[in-house]
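Lettering follows sequence order; numbering is per chain, from 1. Keep in mind that this is a model prediction, so the values were computed, not measured.
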Number of protein chains: 2
Amino acid sequence: MFNVVIVRYGEIGTKSRQTRRWFENILMNNIREALVSEGIDFKKIEAKHGRVLVKTNKAREAVEVLTRVFGIVSLSPAMEVDADMEKINKTALKLFRKKKRELGLERPRFRVTARRITKEFPLKSPEIQAKVGEFILENEESEVDLHDYDIEVGVELMEGRAYVYVDKIRAWGGLPIGTQGKVVALLSGGIDSPVAAFLMMKRGVEVIPVHIYMGEKTLEKVRKIWNQLKRYGYGGKGELIVIKPKERERILEKLRELKKEKYTCVFCKYMMVRNADRIAREFGAKGIVMGDSLGQVASQTLENMYIVSQATDLPIYRPLIGMDKEEIVKIAKEIGTFELSTLPEDEIPFIPKHPVIRGSWEEFRKLYKAVFGEEPKKREC
Amino acid sequence: MFNVVIVRYGEIGTKSRQTRRWFENILMNNIREALVSEGIDFKKIEAKHGRVLVKTNKAREAVEVLTRVFGIVSLSPAMEVDADMEKINKTALKLFRKKKRELGLERPRFRVTARRITKEFPLKSPEIQAKVGEFILENEESEVDLHDYDIEVGVELMEGRAYVYVDKIRAWGGLPIGTQGKVVALLSGGIDSPVAAFLMMKRGVEVIPVHIYMGEKTLEKVRKIWNQLKRYGYGGKGELIVIKPKERERILEKLRELKKEKYTCVFCKYMMVRNADRIAREFGAKGIVMGDSLGQVASQTLENMYIVSQATDLPIYRPLIGMDKEEIVKIAKEIGTFELSTLPEDEIPFIPKHPVIRGSWEEFRKLYKAVFGEEPKKREC
């Protein structure tokens, strides 16, 4: 029945002509990658007058996949026909009937919204709306209600063709992946870090996922989480990079010896960022993403984040910093990582009973020197 | 009619006993500050069994103010009476009638939700619910519907007292300001920076607002924005710090001379962060908040943010980094800064036509050296 998907995008439209063309091309590539990798046949993908049209007989399936392509604001499976009033009327009626059946309504309220994207068609939008509305009223039990409607029939006209639809499905918005460069995301296996990575991907960033090894159970879980996140990664999805930290034993031993076990977590995070920094340089990534949310646990303080930030001169992006746990969990559930994040993981034997709440950089420096024999240094300095 | 406000808080409850007491005290102080500064009389503020009770005859007014105190999840104006079944019934009926009138419903569906916070009261919660429900049904046209209800009558019992209410008003959640230290927020006058500051405040941070002077019109506007944000700042609200940059002319001249005007914006932001860094050290703030959202304008790139981040060794917090403009605008409207951010501002004559999109750190370093005669350095290095 449907033969095309109308893809609408948002912010790209506000850029310069040149930037816009570039964005559209990346978006079309990502759409292509998504459809090909999910095995959905299509005939053509083209950018036209501020929307992308995907010609396909698998419009329903395509829409399901494309809701996961960033940069897309909304999608409509549509029927493309000649821009001829009779054909438009018949198509609108057909789709209206289908939707009416789906909703199981006796006498649905509806409205028609028409838009001439290019202006060749002789009738103006209000006239088209009136004609289509009349035709539906004549042929189906229904009533018009412009504000409180059950069904909205959409008609878009351009270049001698009409696109008729009854569904407008919201997608995630954001920007197409590949438009904003790369960052390294640290994935721990918890609820927060996948959400942080997701939000950066949503803003068009290609994420390089890095996991610092804790044990097989946790690794297995992080693999599952990344596989889920990849479903949003059309346009750029790396393979999970797993790092087995070499210095861990040395650090733990020294901290025990100095009776500073309370610095274990901060030290551990500092070393994670050091590793992420190294990977970022190898891959040309321009930042590091972390799932920090201020005060979520007692040790997620500004002081501890200061220490951890000293491990790199790359910006650390913390998209969750201003969010409550409830908001983070809500997104995790929507993107399908929540369940995975609650799978069992390896117990970490060296977590101290009372981690330092407001770590001191001076003290950390001393500990670092005691462990490594030198001052902590950033690359750039 | 009401004589108490029940204040419910969220995340605090999950902390250790000691931390929790500390949080509760800060929350109670912030509540006190809010009520006093808005001129709302109250008799007592006390923490009891995981909620805060504010004894006041101005419960409605108090609730309006307290929705702006962070750390609070929901609020109910309530009637406190002796925990006696007859009194509870009468109070419930009175509030039910009031609410029914407000809603203008003939036959509202309702449910009763009772909770014994302490267990002295002889009846269990389901029995209390049944009794109150029956009493309302006998005396008012209504019906019980546990799932799809117009009115929920709440009864909470503790220490021989009953608290009856029919409204539960959502507040912002987050953490009480003062629990998480201080950060400097750069306020430009645009839509984004106030939202970024707001989100940090919401997570319990005291914000020190800094504005880099551009002209009187913009300053006026930023003052209005900060005055609006202060309405959420109970517990810690600084005065706006305005900095008149000294080096601006020198930088602009040199960039013109070198034909590198395209670096003006990056340079300007770098210098803003340098100033913020200085203020942060003076005030003991542990970070800097900025309103960056990736790719929102062409020059908000990872590359340019990298350069700007080199101006400080403090973490830069960017709570909007993963958000679309639409989401940011939505919050700006909710918190009342959107309208203010669209007020007229001073024109900036030196904004280049084509700002650099992906600035190079190496090139920036050279420019910096050309202007200041030395390499850009961080404090810590």
_Working to the nearest 0.5 angstrom, can you tell me the gap between Asp313(A) CG and Asp313(B) CG?_
11.5 Å
*Segment of Val205(A) engaging chain B (4.5 angstrom heavy-atom cut-off)*: side chain
*Find the distance between CG (Leu199(B)) and CG (Asp324(A)) and round it off to the nearest 0.5 Å.*
9.5 Å
*Between Met323(B), Glu326(B), Lys325(B), which residue shows the highest count of heavy-atom pairs closer than 4.5 Å to chain A?*
Met323(B)
*Pick one of side chain, backbone, both or neither for Ile316(A), based on which atoms fall under 4.5 Å of a heavy atom in chain B.*
backbone
*Engaged part of Gln300(B) at the chain A interface, taking heavy atoms whose separation is under 4.5 Å*: backbone
*Count the heavy-atom pairs under 4.5 Å between each of Lys182(A), Glu375(A), Arg318(A) and chain B, then report the option with the highest count.*
Arg318(A)
*asked:* With a 4.5 Å cut-off on side-chain heavy atoms, are Thr301(A) and Lys286(B) touching?
replied: no
*Nearest heavy-atom neighbours spanning Arg358(B) and Thr179(A)*: NH2-O, 3.8 Å
*Check Leu294(B) against Arg203(A) and note the closest heavy-atom contact, atom names and distance.*
O-NH2, 2.5 Å
*Among Pro315(B), Ala285(B), Ala196(B), Pro319(B), who wins on heavy-atom pairs under 4.5 Å with chain A?*
Pro315(B)
_Minimum heavy-atom distance Leu302(B)-Gln180(A), with the two atoms named_ = CD1-O, 2.9 Å
